[in-house]
Amino acid sequence: MAAKDYIRERFFPHLWCPGCGHGTVLNALLRAVESLGIGKNEIVMVSGIGCSSRISGYLDFHTLHTLHGRALAFATGVKLSRPELNLIVPMGDGDALAIGGNHFIHAARRNIDITALVLNNRIYGMTGGQYSPLSGAGVLATTAPYRNIDRSFDVIKIAEAAGATFVARSTTYHARELAKIIKQAIEHKGFSLVEVMSQCPTYFGRKNQQGGALEMLQLFKEQTASIGSKAMQEHPEIIGRGVFVNKKAPEYCQEYEAIVARATSA
Amino acid sequence: MAAKDYIRERFFPHLWCPGCGHGTVLNALLRAVESLGIGKNEIVMVSGIGCSSRISGYLDFHTLHTLHGRALAFATGVKLSRPELNLIVPMGDGDALAIGGNHFIHAARRNIDITALVLNNRIYGMTGGQYSPLSGAGVLATTAPYRNIDRSFDVIKIAEAAGATFVARSTTYHARELAKIIKQAIEHKGFSLVEVMSQCPTYFGRKNQQGGALEMLQLFKEQTASIGSKAMQEHPEIIGRGVFVNKKAPEYCQEYEAIVARATSA
Amino acid sequence: MAGVNKTVAGVNKFVQGNEACVEGALYAGLTFFAGYPITPSSEIAELLSVRLPKNRCCFIQMEDEIASICAIIGASLAGNKVMTATSGPGFSLMQEGLGYGIMAEVPCVIVNVMRGGPSTGLPTGPSQGDVNQARWGTHGDHAIVALTASNHQDIFHITVEAFNIAETYRTPVVLLFDEVLGHMRERIVVPKPGELPLVDRLKTEVKQGVDYHPYLPREDGRLPMSDFGGVHRYNVTGLFHDMWGFPTNSPQVVHGLLRHLTDKIENNINAITHYKEHCLDDAEVVMISYGSSARSALHVVANRRSRGERIGLLELQTLWPFPAELVREKCAQAKRVVVVEMNMGQILGAVKQAVAKPDRVTLANRIDGQFITPTDIRNILRLIQGRGV
Amino acid sequence: MAGVNKTVAGVNKFVQGNEACVEGALYAGLTFFAGYPITPSSEIAELLSVRLPKNRCCFIQMEDEIASICAIIGASLAGNKVMTATSGPGFSLMQEGLGYGIMAEVPCVIVNVMRGGPSTGLPTGPSQGDVNQARWGTHGDHAIVALTASNHQDIFHITVEAFNIAETYRTPVVLLFDEVLGHMRERIVVPKPGELPLVDRLKTEVKQGVDYHPYLPREDGRLPMSDFGGVHRYNVTGLFHDMWGFPTNSPQVVHGLLRHLTDKIENNINAITHYKEHCLDDAEVVMISYGSSARSALHVVANRRSRGERIGLLELQTLWPFPAELVREKCAQAKRVVVVEMNMGQILGAVKQAVAKPDRVTLANRIDGQFITPTDIRNILRLIQGRGV
Amino acid sequence: MARARFVFSGSGGQGVITASVILAAAAALYEGLYAVQSQTYGPEARGGATRGDVIISKEKINFPKVTQPNILVSLTQEAYNKYVGIVRPGGLVLTDSHSVKTERKVDARQVELPMYQLTMERIGNPIVFNICMLGVVIALTQVVKPSAIIKALEANVSARFLTMNIQAFDLGQELGRGG
Amino acid sequence: MARARFVFSGSGGQGVITASVILAAAAALYEGLYAVQSQTYGPEARGGATRGDVIISKEKINFPKVTQPNILVSLTQEAYNKYVGIVRPGGLVLTDSHSVKTERKVDARQVELPMYQLTMERIGNPIVFNICMLGVVIALTQVVKPSAIIKALEANVSARFLTMNIQAFDLGQELGRGG
Amino acid sequence: MSQEQKVKHLCNVQWCKGCGICVMICPQKVLALDDLGKVKVVNQDQCNNCKLCEFICPDLAIEVVVTGQ
Amino acid sequence: MSQEQKVKHLCNVQWCKGCGICVMICPQKVLALDDLGKVKVVNQDQCNNCKLCEFICPDLAIEVVVTGQ
Ligand SMILES: Cc1ncc(C[n+]2csc(CCOP(=O)(O)OP(=O)(O)O)c2C)c(N)n1
Ligand SMILES: Cc1ncc(C[n+]2csc(CCOP(=O)(O)OP(=O)(O)O)c2C)c(N)n1
Ligand code: SF4
Ligand code: SF4
Ligand code: SF4
Ligand code: SF4
Ligand code: SF4
Ligand code: SF4
Ligand SMILES: [Mg+2]
Ligand SMILES: [Mg+2]
């Protein structure tokens, strides 16, 4: 199936701003799914609320557009009901880690087989550019006119600490790598998390004098490097890209099968 | 001031079960406060709902007994209003990390100067022994009759990953050490977290054939060791006790002062 | 989990009200439960954690009540009959999710075993304080179905009915019990399979490749569903949406959807209304009550009737949509209508609006965390009649 | 933060309704705001993030709405005048915290700039769909104060009044605005300091060492507070509690506290009621409206009066406690009462219960996410009068 | 007895609630009677006096709570002190002589028996103290047939402990008949 | 004009809303007139046509929305197509000749001016395109005095850009008077 | 590229929002924006079929296909 | 312990719930439970004033004080 067969063409051109990184994530996701050859009926995409969460409307899967922050809780209900389906959950940084932080750490803890994508534009895009828990100190936002003092989560660390068994990061500049990592994440059995650094030129870029989409993408290029690369070793301030965690651990739905076995044999 | 001067004697004997570890935490906390010599008017204790949260009713501080899981959110409001006060927030494992997980990671992220205590009895004591996110796989509970399949959070790891700048663990068996660690936690400037392994003989012990309080305390003794000790190096399955993280980072209320400075100078 | 629901049936059991609810849910075909413990509802979760896995069905304890209601909605869309159970504080937290269930038309059952409120209130005290919250707790205009019962056999039946209504109208249904019922024990008889009619999930007959409209009601008003994972891919959202489930702000569509959501409940009020009546035929004093307080009212009726007093009881099992016509009719001949509830008069207003002579309606209640007794009601009746206590 | 509130005063401003609310809050003495962004209320947070630090006061963006309401309650107990702002979905999430504020008697102001519901609904569409939720959204019996206004000067004033009521009665106050008001701009005049009366936090005069009762009302009904960090240590809880704030399940105390929480609002309904009237003196048709829809109604009044029709408007600013007496009185002479709102009739029921002739009350509304226009109202008036459109 | 109203009181862990459930279940499931059982929780679930109420009747039971029991059982002093005042005149008060001093005079038959002591002596396990007490109650009131209790025990007690429970029940009956 | 009703339409980023706010603020704060400004948001805040409405009147304005503008300004084809139908007969339609083809015939005065082109040529910065447009509108309608707009600009525009804005405004007025 | 194969760019100008990302990312400077701010191919021959433009376009507005035998 | 000093245990039997933790923790076997299941001192002389019992008691029912000069 060609990548385009996975989208709902009638909703294109989509509603994201020109140069919004979320479109590139959509693009990469399509490639990942295409390369895995998964049928459209075998994927359930669950999203919350935010610019990022719009992604579900554009894709021709089973799509569940839920409440702000709650996508993973809905997805848990779907997945436990139908473990054979592939659950993909794209979220914004606010969606996943502000209001949705609790469901995030608990889904990771359970190691339930869901592929979570955090489209990290370091801002609440949908509501007009307020700071998020991933904005980081020093950033300007509509609710941080004197520069943000909130420290940022390290998504990679917190996902790992909470129990995620696949944890990775890429950016919209590295579209090909991104597609590959998303593919790996979908293949992984257990809770997988991909943080995607994505540009919001409309709010983050403009407010923070980072210029438009092009300049922001350049920054993604300059400020990141593959983990383990020489660049990273030499410049510790550089942000790592790649797969940080990839390990085996009991998956929740499989463990639930064990409960059923114990209950029915008793 | 003697330790007893910090309690509300008229509510004693307290309502915890015989042998409940939460009483020992109360005891240790009194010693810690006593040794610091903090005035009773300078402490605000904020708790949620649960057996552990009862602790606030027994102490002669400013006490705010709030909603299940929300203590840290209330405490944030108090602390930011009155940075000069000492905020102590005792929570149950469910309170802190099930329903309250989001406030937990965000308070840690902000590094706001609050002392959080997780009274970890690995069970929902108050509601009758259901499993908690700290029960761990294999445990029996009133909602896990076929043994729990939920993996447990590592409180230490998640607190650190979220941004806490003081992270420690002790047990009710190690009452003296516990008092010392709580003291350090209160002294620490920034978000401090002490996980206390505490016994619930009534639900956890009984359900899991661990015997009564005495046997459970023995287990705390046998299954833990000081971090860095030889015992720990030799037996990696042993649970570490002591201070895991103790570092300096910008504290939230102080940073807020900087915002005010920028706003008022502009 | 491709669970099959097996209920122990045709059996006498001596159970708590919470267990009667569990038996009813299993009889109705419950296959997925998600919840978070809270007094006085926790036994529902505990019992289901034992029973559901035996049926190869799902039980999951979530991180909180918000996650619980979201999980059951997800599970329902995947083809399960679903339920969650909580009490006041948890029910407050579920309000956003409840509204989502209403908007996305997802069948599900939410049990609220009421305790004393507001706030943490009296965790172990009986109360019927969440009746109006069940009606209006979530934001925005909406209709809701809320049911209750006064004894364990009825709890069983009304729980079955809750699932039937949820499936028939594709809507969340709230079951409002209370601490007295939840914790007391009495006998129930679990009917044999087939004895009670069950409404199964109506699945679409639209074939693969043909355009399926998840949100376009059929001639008979019903909306067949297609499980996630099936051959029809569609969109589910809490935004106003068109017949395929895609967001729109077209005024016509918005208006139509909101009316549909309300009308599907209100136009079927007769089918949704359940009640019982006791000695109403010639009653000059009509008591209206529900849940555990109806038991005390019934005690008074039995007691007074034996002395020849013309007193009767209308026991409501459907609280929302409020059966105004029924109440009006049953109170037509009454010299006095006495609403008996354990709150400050939450259905009182609806009763007053329903009857022809609102002045004749009075309230017999108790709000101190204690179960209202027949003596309380008798005392209030005396006072109403001007006879002092 | 030992912030001092400085408002730019006596100044003409051309502002959005959300900014008028901000100006009112600052004028009233707001010193602490916590919130989480949501359309169409986000401007309130944004503007306060600029203004509060200038006054050395606190602005904090929390992780969600639950945390926001908890944080302001904590901050209020520490001595601040506090506020949060949200819209429907966030307001649903705040219900548990709102109940806590009621039970623990903590002064605070919660702004809900309403948008189309239920659920995510229509994020940018105007609606007045959360009126009943404001009344009944949290679990358990309780009373609530909910205020609104129809123009920016009134938004300013009613916001000041919200703080005054919150402080006077130690209670949460809900401000219900809507998307039309929140986003449109018009001129306001910010009064000079002292021009409007402000109610400051009533602090206890009980000296250190003397027993202070945080929950024992004074002769005048007011409950002086003592800030956390002060010389009086007491307990605050969401459980039923005694006069020192400690939990109890004594039936007498429970009953007394619940009555107190309700009576302190309902017995002061006259002081709490705010309204405006337009051409009611000889009105045969009385329209009752509030918020932005009152503007359309007023347009109709102005228009029809010029043609000699006896039509008038009662504009409610206090929605809860519902001013039943006032409504009854103002409608006494009316041949027809028309309730104008942008929902399915949320104050309609209260109006019907209030007036002598409920049959004469009809609803003029719009539920499609569009602002109700004078033309809509005129058409409905014609239809009501049997004249077709 | 047309309508028997029981209050079983004691402290947490003594099993008074279990005993009340067994009795009520026996009546409801094996004797064709109406029965309701309920219990009181304070806001403090832990510690303090616990109480299990049972009503047994030939007729439908509407109001399910016991305000004035005909039969009050108290296994601790605290419970006795708290509840002895509510017993119906002419009713029965059963206490364990080991733990309760029955100082108050009430218009009711007071029966004090060494149930705990005997349980410990003859069976040696305190967990069946409550069932021994139930044996006494059945012997004294004959509200249901002993066989009904045995059936209820079979249905509610795990097989491992069944014999011990029946033993305790018989012991109680013996004691009750003698007492 | 007793009551002037404006609709300013264009695409996001063109500043039509800002222009509408400046105009309304000028009327309300510096001319003693009543003025309300409002804007329409779709569920999609991003992209698509944006619209700012202004009513200016000597009398109190109750209903704040513009259903039929006397003055419609459209800076994009999309906006023009969407809104040209609602203009009041006898009203005014102002479009930018660079971006809008005015195909439809309406019973209103149609004014097409090269506002964008001129802004770029004479000032070289597209961000003041909206203010140039406002200059045209003032010249054409005289709804408020130019000095009121200048004051509103002073109050709302950061000092750095003020000169450029005033320049654009003057440019627009010139164009409007000439047009 | 073998000589027989030809790279063709399917540009969907309806979808293209003119962000210029493809122009920036193309290592061969094959692409540019036209007057209306939409993508256009200016150096077809230089294209090495790396598909970076196709992968990164946030609007799915470019497809690079290989034609010829 | 110097001979002049005496260790005294203030046991609050009203508060003691008889959990036995103090008995278990005491390195000197100074404490025991009495018939009613409350703490009592059985080996006063052995006490080394380590205060472990005081620190660990969940009911704050023991205080160890030193009297005498
Ligand atoms: C309960 C609730 N609170 C707040 C909102 C408002 N809201 C919608 S999206 C959003 C945040 C968007 O930011 P993010 O998740 O980072 O996604 P982005 O738009 O940046 O892709 C917020 C606060 C909401 N819809 N529901
Ligand atoms: C919103 C809400 N949900 C659920 C509850 C019920 N509840 C009270 S305490 C508690 C958990 C107690 O466990 P934990 O926090 O571990 O404390 P512990 O009692 O074990 O010390 C629960 C689920 C509640 N009070 N409020
Ligand atoms: S606002 Fe930001 S995140 Fe949202 S669509 Fe525009 S660029 Fe993307
Ligand atoms: S139930 Fe457990 S946690 Fe609660 S008081 Fe008893 S022992 Fe302690
Ligand atoms: S990247 Fe896509 S949207 Fe952007 S200019 Fe190129 S083709 Fe157009
Ligand atoms: S395929 Fe590669 S070389 Fe060809 S146009 Fe695209 S980016 Fe340029
Ligand atoms: S530890 Fe305390 S409560 Fe336990 S037995 Fe010793 S003195 Fe009593
Ligand atoms: S002070 Fe030490 S030695 Fe003395 S009784 Fe206590 S634990 Fe034993
Ligand atoms: Mg974002
Ligand atoms: Mg616990």
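Naming: A, B, ... by sequence-line order, numbering from 1 per chain. Here the structure is a predicted model, which is why all the values come from computation and not from measurement.
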Residues D:Q16, F:Q37; criterion side chain to side chain contact (heavy atoms under 4.5 Å, CB included); working and verdict: CA-CA 9 Å; D:Q16 291 192 315; F:Q37 182 276 346; 5.7 Å; no
For D:R185 and F:V36, run side chain to side chain contact (heavy atoms under 4.5 Å, CB included): C-alpha distance rounded to whole Å, both residues' side-chain angles, the deciding distance at 0.1 Å, then the answer. CA-CA 5 Å; D:R185 285 181 174 83; F:V36 297; over 6 Å; no
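Atom NE2 of D:H183 and atom OG1 of F:T40 lie 11.5 Å apart (nearest 0.5 Å). Taking OH of F:Y34 as the start and CZ of D:R187 as the end, the distance is 7.0 Å to the nearest 0.5 Å.
Proximity to chain F is limited to the side chain of D:V180, based on heavy atoms less than 4.5 angstrom apart. Interface residue D:I372: only backbone heavy atoms are found under 4.5 Å from chain F. Heavy atoms of F:V21 lying under 4.5 Å from chain D belong to its backbone as well as its side chain.
Chain D forms the most heavy-atom pairs under 4.5 Å with one residue out of F:P64, F:A155, F:A152, and that residue is F:P64. Between chain F and the residues D:N12, D:L298, D:T375, the most heavy-atom pairs under 4.5 angstrom are made by D:L298.
Inter-residue side-chain proximity for F:Q39 and D:M184 is flagged as unmet; no heavy-atom pair is nearer than 4.5 Å. When side chains are defined from C-beta on, F:K65 does not count as touching D:T373, because their heavy atoms never get closer than 4.5 Å.
Using a 30° and 60° split on the angle between ring planes, D:F371 and F:F63 fall in the parallel class, below 30°.
Nearest approach of F:A28 to D:F14, heavy atoms of both residues: CB-CD1, 3.5 Å.
The main-chain N or O of F:I61 is found under 3.5 Å from a side-chain atom of D:R295 such that the two form a donor-acceptor pair.
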